[in-house]
2 protein chains.
Amino acid sequence: MKNAQPEKSLSAQIADAIRTAIVDGRLLVGDRLPSEAELADQHGVSRATVREALKRLAAQSLIRTERGAFGGAFVNHLSYDEARAQQVTTSTLLLGMNAISFQVACEARYALERSCTALAAERRTDALLDKMRVEIETQSAPDLSDEAFCASDVAFHRALVDCAGNEVLSYHLAGSVEAMQPLMNMITFTARSRAEIIDLHRAIVAGLELRDVASIDRALATLEAYTITLGQSVLKARATR
Amino acid sequence: MKNAQPEKSLSAQIADAIRTAIVDGRLLVGDRLPSEAELADQHGVSRATVREALKRLAAQSLIRTERGAFGGAFVNHLSYDEARAQQVTTSTLLLGMNAISFQVACEARYALERSCTALAAERRTDALLDKMRVEIETQSAPDLSDEAFCASDVAFHRALVDCAGNEVLSYHLAGSVEAMQPLMNMITFTARSRAEIIDLHRAIVAGLELRDVASIDRALATLEAYTITLGQSVLKARATR
DNA sequence: AGGCATTTAAATGTCTGACAATTATTTTGG
DNA sequence: CCAAAATAATTGTCAGACATTTAAATGCCT
């Protein structure tokens, strides 16, 4: 069994040691780490090296630091929002760097989204349905920018996954769908295509209201097919330009 | 519009600036950043501060550093494996810290997994089916440790999502499912329960072979219900102990 | 005793300058 | 022409210093 990285930098090694302690539960949420000076002593390195290690952990939101007396580095309580923000950053970058075709991205997005329809139909609340109706209203504004339309679209689908009433599922789905948004944004929406999309959004809300899973799935499938068509026409237009 | 963090540390600000440049595409994969000394000059800070900023970015796999002449910090090509590893770290920690009930985790896991069944049935390859059969064989070994059984279970489900033949979907699903494994591991498997699970795995493979989506979904639903039952009995045993 | 201002101490944030270690390139020597 | 040695650029690490922040301790006045 060989070591994967025989000689990582000291700051990376120290970061790994602390990270492992956190993941394994030897350090609990809210625990305070020793001061930088103490850590430097314990590991036999300089304070600068310890600080680089701590910054690595801070970048992963594993710890937070507070200044002043009785400050220091504390094991952070990772919130759903923080975790999702990180997931979105990583995933967005990954997708942006790997020449993903629009069709593959679209297929993945709607496949993921369909995973919550059964639970969403069962558990949808009036508050979330209202939220979705409000977003549909927003999307219907004739002078809305493409950017704002997309933002409202994300909010709409976010509400849809929240309908499933499972916070873990919401976290994963919202992160995944949000990360794909830059790829989805390749499309420019005409008034006509916006109207089509809004109609499908209405169908989704109606399906949720009636707890009719099949109709929601049909609407999502139609939305997927329509989005792919739009994407292809955009690509074709670019190619012949 | 107020600034969220009016005064972040300089190293955090510099890290943000570089991160934004990467995400926005002003820095491309493979590009070399200026040397630490140059960055220090450009931002009017010391080299130590720049180094802390770079370590933050390295922790997110956004850059990699090479030593020596013509070394430096390079914009990293994020691979699916690296991205998934990070996603799993973050998600695992999030789920471990937030008192997620076993039932909620289980429900989310199988909901996500079901999102790929239709595509998987359509596109499954013989190679992946064989892989799944091999894992079933592994799981059938009578002297297998719980740990090894779980590892093989993960590999089996990983192959299932790969059947969908969509790399983006594989990335999201594999990461999500893997992150939930520690929660799933609360269960200790008896010989009897292992046999039940293996039967359901066989049913999944058979369903894929016949491209029978409904039977795969049934098997997954049964697996979900059975897993939740197992989890509840474990919890009950602990409570009365 | 109680409240307010000041001091103090502990910690992180930053800077400076130095040296070690690494590595591609260049030079040198045969 | 090729191999060995010198070179230069760059990151990794260290030591020490000072600035800044913040909670607690202290002291003073009412």
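All figures in this text were calculated on a predicted structure; none of them were measured in a lab. Note on naming: letters A, B, ... go to the chains in the order of the sequence lines (proteins, then strands), and numbering restarts at 1 for each one.
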Participant: May I ask you to decide whether A:D16 forms a salt bridge with A:K8, counting only side-chain N to carboxylate O separations under 4.0 Å?
Facilitator: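 Between A:K8 and A:D16 there is a salt bridge, with a charged N closer than 4.0 Å to a carboxylate O.
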Participant: Between A:E66 and A:R64 (salt bridge meaning N to carboxylate O under 4.0 Å), is one present in this structure?
Facilitator: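 Salt bridge present between A:E66 and A:R64.
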Participant: Could you tell me which non-hydrogen atom of A:R32 sits nearest to which non-hydrogen atom of A:G72, and how far apart they are?
Facilitator: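 Minimum heavy-atom separation between A:R32 and A:G72: NE-CA, 4.2 Å.
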Participant: Between residues 28-35 of chain B and DNA chain D, which residues have a heavy-atom gap below 4.0 Å?
Facilitator: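 The stretch gives B:R32, B:S35 as the residues lying under 4.0 Å from the strand, ordered by number.
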Participant: Set out, in order, the CA-CA distance, both residues' side-chain angles and the distance that settles side-chain contact (heavy atoms from CB on, under 4.5 Å) for B:M132 and B:C163, then state yes or no.
Facilitator: CA-CA 10 Å; B:M132 295 171 81; B:C163 280; 4.2 Å; yes
Participant: Do the side-chain N or O atoms of A:R51 get closer than 4.0 angstrom to the phosphate oxygens (OP1, OP2) of C:dG13?
Facilitator: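 It does, given that an N or O in the side chain of A:R51 lies less than 4.0 Å from OP1 or OP2 of C:dG13.
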Participant: Could you write out DNA chain C as a dot-bracket string, with dots for unpaired bases, | for bases paired across to another strand, and Watson-Crick or G-U pairs counted at under 3.5 Å?
Facilitator: ||||||||||||||||||||||||||||||
Participant: Any donor-acceptor pair under 3.5 Å linking the side chain of B:N98 with the backbone of B:L95?
Facilitator: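 Not confirmed, B:N98 side chain does not pair with B:L95 backbone.
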Participant: Excluding sequence neighbours, so at least two apart, what forms salt bridge (Lys or Arg N to Asp or Glu O under 4.0 Å) with B:D130?
Facilitator: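 Listed in chain order: B:R133.
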Participant: If you measure from the Lys or Arg side-chain nitrogens to the Asp or Glu carboxylate oxygens, is any gap between B:E135 and B:K131 under 4.0 Å?
Facilitator: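 Yes, charged N to carboxylate O under 4.0 Å.
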Participant: B:I100 versus A:E167: any side-chain heavy-atom pair under 4.5 Å?
Facilitator: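 The answer is yes, as the side chains (C-beta and beyond) meet within the 4.5 Å cut-off.
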Participant: Does any pair with a residue in residues 144-169 of chain B pass ring pair (Phe, Tyr, Trp, His ring centres under 6.0 Å), and if so which ones, sequence neighbours excluded?
Facilitator: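 The answer is B:F149-B:F189, B:F156-B:H201, B:H157-B:H201.
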Participant: Consider side-chain contact (heavy atoms from CB on, under 4.5 Å). Of B:V161, B:N166, B:D162, which one does B:C116 pass it with?
Facilitator: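 In the set B:V161, B:N166, B:D162, the residue that makes a side-chain contact (heavy atoms from CB on, under 4.5 Å) with B:C116 is B:V161.
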Participant: Nearest 0.5 Å please: distance from the CZ atom of A:R56 over to the CG atom of B:L54.
Facilitator: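 The CZ atom of A:R56 sits 10.0 Å away from the CG atom of B:L54.
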Participant: Can you check the A:L10 CG to C:dA20 P distance for me, whole Å?
Facilitator: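 A:L10 atom CG is separated from C:dA20 atom P by 16 Å.
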Participant: Please name the residue in the list B:M180, B:R109, B:E107 that meets the side-chain contact (heavy atoms from CB on, under 4.5 Å) test with A:V168.
Facilitator: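 For A:V168, the side-chain contact (heavy atoms from CB on, under 4.5 Å) check succeeds only for B:M180.
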Participant: With the threshold set at under 4.0 Å for non-hydrogen atoms, list the residues of residues 54-72 of chain B touching DNA chain C in residue-number order.
Facilitator: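 Residues of residues 54-72 of chain B under 4.0 Å from DNA chain C: B:R67, B:G68, B:A69.
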Participant: Give, ordered by number, those residues of residues 36-47 of chain A having at least one heavy-atom distance below 4.0 Å to an atom of DNA chain D; if nothing qualifies, reply none.
Facilitator: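 Those residues whose heavy atoms fall under 4.0 Å from DNA chain D, taken from residues 36-47 of chain A in numerical order, are A:G44, A:V45, A:S46, A:R47.
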Participant: How long is the line joining CZ of B:F74 and P of D:dT11, in whole Å?
Facilitator: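 After rounding, the reported distance stands at 9 Å.
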Participant: Donor-acceptor pair, A:T117 side chain versus A:R114 backbone, under 3.5 Å?
Facilitator: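 Present.
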Participant: Whether A:T49 contacts D:dC14 is assessed here as follows: a side-chain N or O lying under 4.0 Å from the phosphate OP1 or OP2. Is that the case?
Facilitator: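 Affirmative; the distance criterion is met.
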